[in-house]
Amino acid sequence: QVQLVESGGGLVQTGDSLRLSCAASGRAFNRYTMGWSRRAPGKEREFVVAISWSTGGTLYADSVKDRFTISRDNSKKTVYLQMNSLKGEDTAVYYCAATSSGRPLVVASNYDYWGQGTQVTVSS
């Protein structure tokens, strides 16, 4: 079992930056791949980015590549999502998630554990 708690969302303007955090706890969390997904109003949840606790390998959605950066701090058991050059279309509830299933990481529904979500709103 893994518990995830997100923080860091808020209201920003187009072009601003924001950093989200995801604190993990539970057994053997470092065996999991961690990810961020988001759900915009009226849309399905979509994959944003993933990172392996053990290797640090990352995978990004094309829509955020070169603007978002995921990182991890093993000592703090925390994953970060640095979001730069934010756009209106980035407005969504952002969810931290974890999986050890081996299923494709780019499919949001393949993750096993989820945080409660944090709202990010980008205004023009």
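Any value given below was found using the heavy atoms of this structure, including those in side chains, with hydrogens, waters and symmetry copies removed.
In this structure, Trp36 and Val64 have side chains that are not in contact, with every pair of non-hydrogen atoms separated by 4.5 Å or more. Inter-residue side-chain proximity for Leu59 and Val106 is flagged as met; some heavy-atom pair is nearer than 4.5 Å. Between Leu105 and Asn110, every side-chain heavy-atom pair lies at or beyond the 4.5 Å cut-off. Looking at heavy atoms from C-beta onward, Val107 lies out of side-chain contact with Phe47 at the 4.5 angstrom threshold. For the pair Glu6 and Tyr94, the minimum side-chain heavy-atom distance is 4.5 Å or more. Looking only at side-chain heavy atoms (C-beta outward), Val120 and Val122 come within less than 4.5 Å of each other. Annotation: side chain of Tyr60 is not in contact with side chain of Asp62 (no heavy-atom distance under 4.5 Å). Under the 4.5 Å side-chain criterion, counting only non-hydrogen atoms from C-beta, Cys22 is in contact with Met34.
Both Tyr113 and Val79 are assigned to one and the same hydrophobic cluster, defined by single-linkage of ILVMFWY side chains at heavy-atom distances under 4.5 Å. When hydrophobic clusters are built by joining Ile, Leu, Val, Met, Phe, Trp and Tyr residues whose side-chain heavy atoms come closer than 4.5 Å, directly or via intermediates, Leu81 is grouped together with Trp53.
Between Ala92 and Gln119, the closest heavy-atom pair is O-NE2, 3.4 Å. For the residue pair Ala50 and Tyr111, the shortest heavy atom distance occurs at CB-OH, 3.6 Å. Smallest separation of non-hydrogen atoms from Ser7 and Thr118: C-OG1, 4.4 Å.
Under the 3.5 Å distance criterion, the side-chain polar atoms of Thr91 are matched with a main-chain donor or acceptor of Gly88. Side chain of Thr78 to backbone of Lys76: a donor-acceptor contact under 3.5 angstrom is found. Counting only distance, with no hydrogens or angles, the side chain of Arg67 and the backbone of Ser85 share a donor-acceptor pair below 3.5 Å.
With respect to Met83, the side chain to side chain contact (heavy atoms under 4.5 Å, CB included) criterion is satisfied by exactly one of Asp90, Val49, Leu20: Leu20.
With respect to the salt-bridge test (charged N to carboxylate O, under 4.0 angstrom), the residues Glu46 and Arg38 qualify.
Tyr80 does not carry Arg72 over the face of its six-membered ring by the limits of under 6.0 Å from the centre and within 45° of the normal.
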- [ ] Apply salt bridge (Lys or Arg N to Asp or Glu O under 4.0 Å) to Arg103 and Asp112, showing your working.
- [x] CA-CA 10 Å; Arg103 297 188 296 268; Asp112 304 305; 3.3 Å; yes

- [ ] Please assess Arg31 against Ser100 for the test side chain to side chain contact (heavy atoms under 4.5 Å, CB included), listing each intermediate value before the final yes or no.
- [x] CA-CA 7 Å; Arg31 296 182 183 178; Ser100 62; 5.6 Å; no

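The NZ atom of Lys43 lies 8.0 Å from the CD atom of Glu89; values are rounded to the nearest 0.5 Å.
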